[in-house]
Amino acid sequence: MQEPAITPDLIAAHGLKPEEYDMILEIIGREPSFTELGIFSAMWNEHCSYKSSKKWLRTLPTSGPQVICGPGENAGVVDIGEGQAVVFKMESHNHPSYIEPYQGAATGVGGILRDVFTMGARPVASMNALSFGEPSHHKTRQLVNGVVEGIGGYGNCFGVPCVGGEVRFHPAYNGNCLVNAFAAGLADSDKIFYSAASGIGMPVVYLGAKTGRDGVGGATMASAEFDDTIEEKRPTVQVGDPFTEKRLMEACLELMQTGAVISIQDMGAAGLTCSAVEMGDKGGLGVKLDLDAVPQREENMTAYEMMLSESQERMLMVLKPDKEAEARAVFEKWDLDFAIVGETIAEDRFLIVHNGEVKADLTLSKLSSTAPEYDRPWEPTPAAEELADVPQIDPIDGLHALLASPNYAAKQWVYEQYDTMVMADTARTPGLGAGMIRVHGTDKVLAFTSDVTPRYVRANPKEGGKQAVAEAYRNLTAVGAKPLASTDNLNFGNPEKPEIMGQFVGAIKGIGAACAALDMPIVSGNVSLYNETDGAAILPTPTIGAVGLLDHTDDIIGNEVRDGHVALVIGETKGHLGQSALLAEVFNREEGDAPAVDLDAEKRNGDFIRANRAMIKACTDIGDGGLALAAFELAEAAGVGVHLDEAPTEILFGEDQARYLVACNFDQAEALMIAAGQAGVPLASVGRFTGDSIRIGASEAPLEELTATFRTSFAAAVA
């Protein structure tokens, strides 16, 4: 087949700028072949090379005594004691999910699960963080239904419980939804598998499903803005098969027990290209591939198509030669392809042969470690204007408005489509704060959460970045867990715009400060840029996924609210309404500054909660919607009313940080007050849980009535 001529239009179609193409010419000293152009395009796009973000990602705290493996591998690894480790990561599948919601979301789940079991861990929990346009937009309903169905369709069939996540709506996502997928697994801490190849002449083995044309160019597509050609990008979305993935996981974990595996890498973005290059580069080796040996499900595939295909459920492995027969038998037993497609070589070369012809011959290290790295110009986000006066409102009217919004209504319509109990270790189902799973065969419990408030980040990127980490810290603390570490999914618009790059830089600075202060290092993550359509960017959305540990199931802070319990607020309330949920939902105003985050107060108050968990019957962090929404949610979950003392609108709905709402009996409340005084922690009694109504001051409504609104508003908006 005649390869197309390399033209400026073809170079641009591959997402390469003229100056980047000039770099390629300088590196290889000649014009690239079509396949080589595709390989450079795949390795140098934003999605794979992090060329706009590397400089700033290096500033994040990534180490600590609990960290076994930080960023740079398929997933992060953190010690949880007794020879065990939790392996976790979060990644985006935003562009594919907008183009083809079901398969885009499904393959996002498949990809993140592979990242975990590639490290030798069995997946035990998943989460997802979803952002959609306004419910009235003509695409939103289709996107929500398709994405949720895709996540459930893949995760349920694979057999991993979904234990948490978040869903939001905002007009800024009308043209570009966000689908961030998280997975965590368990492994023995001395049996972690890495991707760096080692040894010369070692067989490079292709494992899993056959290669097709689905997903060709997907990573490049994920590194570009959307425009009116969006429908033409549909073929770059992959198709997933969860049952094949389940067999692939079992085969890989079985093979890992044999000692046959030298290194292993998931074939994700940019498929065979990225996996082979990363394995070689990390090991300081070259790789030779013979594409004739690649299992194919379509006829007459070209070298270009095979190298850039993002067909799902595939792995690349470097294998000990004497274990080949044993390894092949494992994969044949699981009815999966096993093919030796190449070998490691001493030279720094990436050599691709197809039909006896050399299709690519490149310096391997130049494809990965010397990809372009940009120090993008950035402008600090202007300081927010001072918030004009917010009128006092009837507190029940304000609460009802929040409960009627799909942003703050119950999300059971979503998580009831997911299997939350498979594997039988789920300790708390979604909808009640952080998700939790028991560590099988032990008394330990892992807690998981996913958090960000994009309005805050837009108004004040640094404080918004800090707040995302702080809220994750509080959500883990509220169930009694000690926060261990974090993963991030940094979703932003076009980094070539200084104001967007300024949002990114500010958020990174805030995230870094909070992770350091709260001892929650970033151990893995993903950057998703160019989330724009026709020049309109999403809200900056740096999602933080975090994991916490409880030493024993008895340490869980439950949801045991009883009639007569006292309601206590731990932390200082000043009444910050800037960028608040109340302001947005009731007054249609997104104004003012984000709330300030005092990291010392966050640490102090969190330590206080965990130290005094025995006196706490129920706990939730106070975030969106302030005290009023937090009190309703605790009351509603327990089926008991709550009476809050009369207070101004800003005290009831303000979103000051470092705060928790606690329920306990009177004696425990007295003991907590004494302990708080000794620890220098602000604590105030704000009411009690009782009866069958929600009463705030003189304003009152039946709990049953507000519950009906809370439980039906989400489905009414999107189903």
Side-chain angles (χ1 to χ4, degrees), residues 60-61 380-390 451-478 483 486 488 502-520 539-544 546 569-584 589-609 620-630 647-661 676 679-684:
L60 292 170
T381 300
E385 292 185 10
E386 196 168 327
L387 180 66
D389 286 345
V390 178
D451 299 287
V452 67
T453 307
R455 289 190 315 276
Y456 294 172
V457 186
R458 182 178 60 182
N460 188 328
K462 186 174 182 180
E463 290 303 309
K466 285 163 62 175
Q467 192 276 338
V469 177
E471 185 172 352
Y473 174 87
R474 290 197 301 272
N475 279 334
L476 296 175
T477 296
S486 311
D488 57 15
Q503 293 175 344
F504 183 86
V505 171
I508 286 281
K509 289 181 176 180
I511 290 167
C515 286
L518 302 175
D519 193 20
M520 293 170 61
L539 291 181
T541 312
T543 309
I544 299 294
V569 170
I570 290 169
E572 187 177 8
T573 301
K574 296 179 180 177
H576 183 95
L577 283 176
Q579 299 299 330
S580 65
L582 182 83
L583 202 64
R589 292 166 58 185
E590 295 185 13
E591 301 169 12
D593 203 353
V597 179
D598 181 336
L599 293 170
D600 291 336
E602 293 283 1
K603 182 80 166 58
R604 179 196 64 208
N605 297 355
D607 288 345
F608 178 82
I609 292 286
T620 184
D621 92 299
I622 300 178
D624 282 342
L627 169 62
L629 186 57
T649 294
E650 60 271 20
I651 299 301
L652 292 168
F653 294 96
E655 296 179 5
D656 306 286
Q657 300 297 294
R659 294 187 302 155
Y660 301 83
L661 178 65
V681 170
L683 185 150

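Only this structure's heavy atoms are used, side chains among them; waters, hydrogens and symmetry mates stay out. For reference, positions follow the sequence shown, starting with 1.
- Not counting sequence neighbours, the partners of Thr477 by the side chain to side chain contact (heavy atoms under 4.5 Å, CB included) test are Tyr473, Pro483, Ile609, Arg610, Tyr660.
- Inter-residue side-chain proximity for Leu539 and Val457 is flagged as unmet; no heavy-atom pair is nearer than 4.5 Å.
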With a cut-off of 3.5 Å and sequence neighbours excluded, list every side-chain donor-acceptor pair involving residues 381-388.
none

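- Here Glu650 pairs with nothing under the salt bridge (Lys or Arg N to Asp or Glu O under 4.0 Å) rule; sequence neighbours left out.
- Residues that satisfy the side chain to side chain contact (heavy atoms under 4.5 Å, CB included) test with Leu599, not counting sequence neighbours, are Lys466, Ala513, Ala514, Ala517, Leu518, Val597.
- A side-chain donor-acceptor contact under 3.5 Å links Asp656 to the backbone of Gly575.
- No side-chain heavy atom of Glu471 sits less than 4.5 Å from a side-chain heavy atom of Tyr456.
- Residues passing the salt bridge (Lys or Arg N to Asp or Glu O under 4.0 Å) test with Arg458 are Glu590, sequence neighbours excluded.
- Atom CG of residue Asp488 and atom CD1 of residue Ile511 lie 6.0 Å apart, to the nearest 0.5 angstrom.
- In this view, Ala684 satisfies the side chain to side chain contact (heavy atoms under 4.5 Å, CB included) rule with no residue, not counting sequence neighbours.
- In terms of modelled atom types and a separation under 3.5 Å, the side chain of Gln579 and the main chain of Gly592 share a donor-acceptor contact.
- Residues Ala472 and Ile544 share a closest heavy-atom pair of CB-CG2, 4.1 Å.
- In this structure Pro682 satisfies the side chain to side chain contact (heavy atoms under 4.5 Å, CB included) test together with Glu572, Arg604, Asn605, sequence neighbours excluded.
- Thr543 is linked by a side-chain hydrogen bond (donor to acceptor under 3.5 Å, both in side chains) to Asn180, counting only residues two or more places apart in sequence or in another chain.
- Partners of Asp593 under the salt bridge (Lys or Arg N to Asp or Glu O under 4.0 Å) rule, at least two apart in sequence or in another chain, do not exist in this structure.
- No donor-acceptor distance shorter than 3.5 angstrom exists from the side chain of Glu655 to the backbone of Pro595, with no hydrogens or angles considered.
- Put simply, the side chain of Thr573 never gets that close to the backbone of Ile651: no donor and acceptor are under 3.5 Å apart.
- In terms of the side-chain hydrogen bond (donor to acceptor under 3.5 Å, both in side chains) criterion, Ser580 has no residue partners (sequence neighbours excluded).
- The salt bridge (Lys or Arg N to Asp or Glu O under 4.0 Å) check on Lys509 picks up nothing, with sequence neighbours excluded.
- With sequence neighbours excluded, the residues forming a side-chain hydrogen bond (donor to acceptor under 3.5 Å, both in side chains) with Asp621 are Arg474, listed by chain and number.
- Under a 3.5 Å cut-off, the side chain of Glu463 and the backbone N or O of Pro461 do not form any donor-acceptor pair.
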